[in-house]
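Structure first, commentary second.
Not measured: the values here are computed from a predicted model. Just so you know, ligand 1 is whichever comes first in the structure, and atom 1 is the first atom listed for that ligand.
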Amino acid sequence: MAKGTVLVSGGAGYIGTHTTVALVEAGYDVVVIDNFSNSEPSAIKGVENILGKKINFVEIDTCNIVDLRKVFENYKFESVIHFAAYKAVGESMTEPLKYYQNNLVSYMNILQLMKEYGRPNVLFSSSATVYGDADILPVTEETPRKPATSPYGNTKQMAEDILHDCCRAYDGFYGIALRYFNPIGAHTSAQIGELPRGVPNNLLPYITQTAAGIRECLSVFGDDYDTPDGSCLRDYIDVLDLAKAHVAAVDRMTEGRMKEKYEIFNVGTGRPVSVLELITRFEKANDLKLPYKIVGRRDGDVPAVWADTSLANEELGWKAERDLDDTLRACWAWEKHLRNIK
Ligand code: UDP
């Protein structure tokens, strides 16, 4: 007997694919929707290869409520995980309307239909960006949010608030926001992983593309921060651990174990790692040399942020378990798979 049916919007994306695998492995039926705006059909194939069976997939744009309603007519959902969103911070600065339009309209459609069809358990994928440059580290869920510095960050904060309002106002409406730190890694099968388009903004895909010879040299953005080695500190969470956090949160919602109607959890490892340390660990784990140079600071980067994960540990019964070196090996294995490198 399946544990229930979960709608996964944006389920062909990086975190969506890994979460879909984890949900099915945990005994859920899953319906994935995606419009491939920032992903590819091969991602769904990868999920199916890992699971050894077909998954329910519908290619639609979540912004189109007419199409989305058909999905709700065809399936009964106990919960939804909403990943479908644009995520490039820089692009959101030059194309704010595109970000507000896509990220908020798709979200409102999901919330509206979950409410209408009477099964409103909503898991929203939020981000540690809501903490900005926090005064006290590590950050807990009680740490005040800082004003967003980009339209992308603003959509995350607004979406959290909208979910909170819905949970407060509507009977039987429950929500969880998971605040991700820095997701990295890939499935151990190397069948699914991150598929960045163009020049990657994020550190790990830039590292693996440099190792593959696609980029000449990695730029380290700043070594003059007030941190142990001068480079920025982040909390890098393996995408497989992150996927399990989603399963734990869906379990909590569907089993009626929530303590509040709206809850927030940090999803990180609780361990800060510097950019320079990550480079060294990547080189050692994969036995290779990475060309890199120190350049100036990147606009908008905070010096350091990492999670206090006690709440997720205690309430979700979840803890990050993957070893960083294994994660970095999986990153490289995925890049090699993509580029046909032996
Ligand atoms: N970073 C870097 N070079 C790059 C990309 C990122 O030095 O090509 C650094 C960046 O300054 C930050 C860390 O790597 O300290 C993580 O950046 P990323 O963009 O992956 O995530 P963010 O923390 O900004 O969300």
May I ask you to check whether [X] and [Y] place their ring centers less than 6.0 Å from one another?
| X | Y | answer |
| --- | --- | --- |
| Tyr174 | Tyr262 | no |
| Tyr107 | Phe124 | yes |
| His246 | Tyr180 | yes |

Less than 4.5 Å apart, side chain to side chain, heavy atoms only: is that true for Arg234 and Asp301? yes
Identify the protein heavy atom lying closest to [atom], giving its residue, its atom name and the separation to 0.1 Å.
| atom | answer |
| --- | --- |
| atom 12 (C) of ligand 1 | Arg234 NH2, 3.8 Å |
| atom 9 (C) of ligand 1 | Val275 CG2, 3.8 Å |
| atom 11 (O) of ligand 1 | Asp301 OD2, 2.6 Å |
| atom 17 (O) of ligand 1 | Arg298 NH2, 3.4 Å |
| atom 18 (P) of ligand 1 | Asn202 ND2, 3.5 Å |

Report, in ascending order of atom number, the atoms of ligand 1 lying under 4.0 Å from any heavy atom of [X].
| X | value |
| --- | --- |
| Asn182 | 16 (C), 21 (O), 22 (P), 23 (O), 25 (O) |
| Val220 | 7 (O) |
| Asn201 | 5 (C), 19 (O) |
| Leu218 | 8 (O) |
| Cys232 | 15 (O) |

For Glu91 and Tyr99, does a side-chain donor sit closer than 3.5 Å to a side-chain acceptor? yes
Looking at Tyr117, I'd like to know if the NZ or CZ of Lys76 sits under 6.0 Å from its six-membered ring centre while staying within 45 degrees of the ring's axis. no
Please report the interatomic distance OG1(Thr62) to CD1(Ile60), rounded to the nearest 0.5 Å. 5.5 Å
Working to the nearest 0.5 Å, report the span between CD of Glu59 and CG of Asp34. 8.0 Å
Output, in order, the C-alpha distance, side-chain angles, deciding distance and verdict of side chain to side chain contact (heavy atoms under 4.5 Å, CB included) for Ser274 and Leu278. CA-CA 6 Å; Ser274 78; Leu278 200 71; over 6 Å; no
Under a 4.0 Å heavy-atom limit, does Leu203 contact ligand 1 with its side chain, its backbone, both, or neither? both
Side chain, backbone, both or neither: which part of Ser219 has a heavy atom under 4.0 Å from ligand 1? backbone
Of the listed options (Phe181, Tyr236, Tyr206, Phe221), which comes nearest to atom 16 (C) of ligand 1 when hydrogens are ignored and any heavy atom counts? Tyr236
